[in-house]
Amino acid sequence: MNVLETKNLQKIYGKQDNIVKAVNNIDLTVKEKEFVAIVGTSGSGKSTLLHLLGGLDKPTDGKVYIENKDIYSMKKEQLAIFRRRKIGFVFQFFNLVPVLNAYENITLPTELDGKKVDKQYVDDLMNTLNIYSRKEHLPSALSGGQQQRVAIARALASKPSIILADEPTGNLDSRTSEEVLGLLKLSVKKYHQTLVMITHDDYIAQMADRIIRIEDGKITEGGR
Ligand code: ADP
Ligand code: ADP
């Protein structure tokens, strides 16, 4: 099954003689449980594309389907609920709540959603990401790599089908980047999730099952 699909996806910024086709007619399919890296230089359209895939922006034209659902045909509220249920986001900056410990940071979105936390699953997740021993530590007592692993556990806690990661290693040194991405990959494979990651780092991208290269808003490699 294609868990994610786009058709003629377009995002145009500006108007008249000053337009930028940030995403220029992208047709993309991502299969269930696939790990895809989207690479490209700065300004190639990676962030714009990821935002469109995650329902965080509105395309100028074209469609995004998640589990065969046309996400931009939904009403705003409906899309927000769908997004919380289906997608987990990981960003370059960890954005942990400083006064909450690791466990509380991980379960916060689920709690705010009024859902029951699956404690056993969260413990398993923390073990998989090798942060179980840091369960009660505040973010300030954790290394950068550990903080990002907490942010990853937070994204996975609601059991989404897709993880969208925007430069998840952008704030880490190269050794830590490799370790964190290795654990992110291990986790998504273990819990049968699909991972779409953007990175400008070709070395990190090598860890993906497939690399999609974009230039000037178009796919130049790895599309299908
Ligand atoms: P990347 O993530 O690969 O660095 P972006 O998606 O951020 O690329 O940007 C793609 C292009 O769209 C760039 O030319 C950028 O300047 C332009 N762009 C991005 N966001 C906006 C915006 N809000 N308004 C106008 N232009 C934008
Ligand atoms: P990792 O590669 O596992 O992310 P580091 O090698 O950066 O971790 O850190 C080693 C240990 O030092 C970690 O177990 C972490 O708990 C501790 N540590 C790192 N940064 C801090 C900090 N700012 N305050 C307290 N302890 C820290």
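- By the 4.5 Å side-chain criterion applied to Ile, Leu, Val, Met, Phe, Trp and Tyr, Leu108 is assigned to a cluster that also includes Val97, Val99, Leu100, Leu112.
- Remark: Lys115 engages Asp113 in a side chain to side chain donor-acceptor pair (under 3.5 Å) (not counting sequence neighbours).
- Thr29 contributes no side-chain N or O that, together with a main-chain N or O of Asn2, makes up a donor-acceptor pair within less than 3.5 Å.
- With contacts defined as side-chain heavy-atom distances shorter than 4.5 Å, the pair Val180/Ile152 qualifies.
- The nearest pair of heavy atoms linking Ala153 to Ile131 is CB-CD1, 4.3 Å.
- Counted within 6.0 Å of CD on Gln206, heavy atoms from surrounding residues, nucleotides or ligands total more than 12; the atom is thus considered enclosed.
- Under the rule for a side chain to side chain donor-acceptor pair (under 3.5 Å), Lys31 has no partner lying at least two apart in sequence or in another chain.
- Applying the side chain to side chain donor-acceptor pair (under 3.5 Å) criterion to Lys185, with sequence neighbours excluded, gives no partner residue.
- No side-chain donor-acceptor contact under 3.5 Å links Arg85 to the backbone of Ile81.
- Atom-to-atom distance recorded for Thr176:OG1 and Leu181:CG is 12.5 Å, nearest 0.5 angstrom.
- Distance check: Phe89 CZ to Arg83 CZ gives 6.0 Å after rounding to the nearest 0.5 Å.
- Each salt bridge (Lys or Arg N to Asp or Glu O under 4.0 Å) pair with one or both residues in residues 211-222, not counting sequence neighbours, appears once here: Asp202-Arg213, Arg213-Glu221.
- Scanning for side-chain contact (heavy atoms from CB on, under 4.5 Å) contacts around Ala205 gives Ala37, Val39, Thr199, Ile211, with sequence neighbours left out.
- Counting only residues at least two apart or on different chains, the ring-ring contact (aromatic ring centres under 6.0 Å, His included) pairs with a member in residues 153-191 are Tyr121-Tyr191.
- Under the rule for a side chain to side chain donor-acceptor pair (under 3.5 Å), the partners of Arg210 that lie at least two apart in sequence or sit in another chain are Glu34.
- Applying the side-chain hydrogen bond (donor to acceptor under 3.5 Å, both in side chains) test to residues at least two apart or on different chains, none of the pairs has a partner in residues 101-111.
- Atom NZ of Lys63 has 12 or fewer heavy atoms from other residues, nucleotides or ligands within 6.0 Å.
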Result block: side-chain N/O donor-acceptor pairs under 3.5 angstrom for residues 53-62, not counting sequence neighbours:
{"unit_1": "Asp57", "atom_1": "OD1", "unit_2": "Lys11", "atom_2": "NZ", "d": "3.4"}
{"unit_1": "Thr60", "atom_1": "OG1", "unit_2": "Ile12", "atom_2": "N", "d": "2.8"}

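- Sequence neighbours left out, not one pair with a member in residues 42-81 passes ring-ring contact (aromatic ring centres under 6.0 Å, His included).
- Under the side-chain hydrogen bond (donor to acceptor under 3.5 Å, both in side chains) criterion, the residue pairs touching residues 160-171 are Glu67-Ser161, Glu167-His200, with sequence neighbours excluded.
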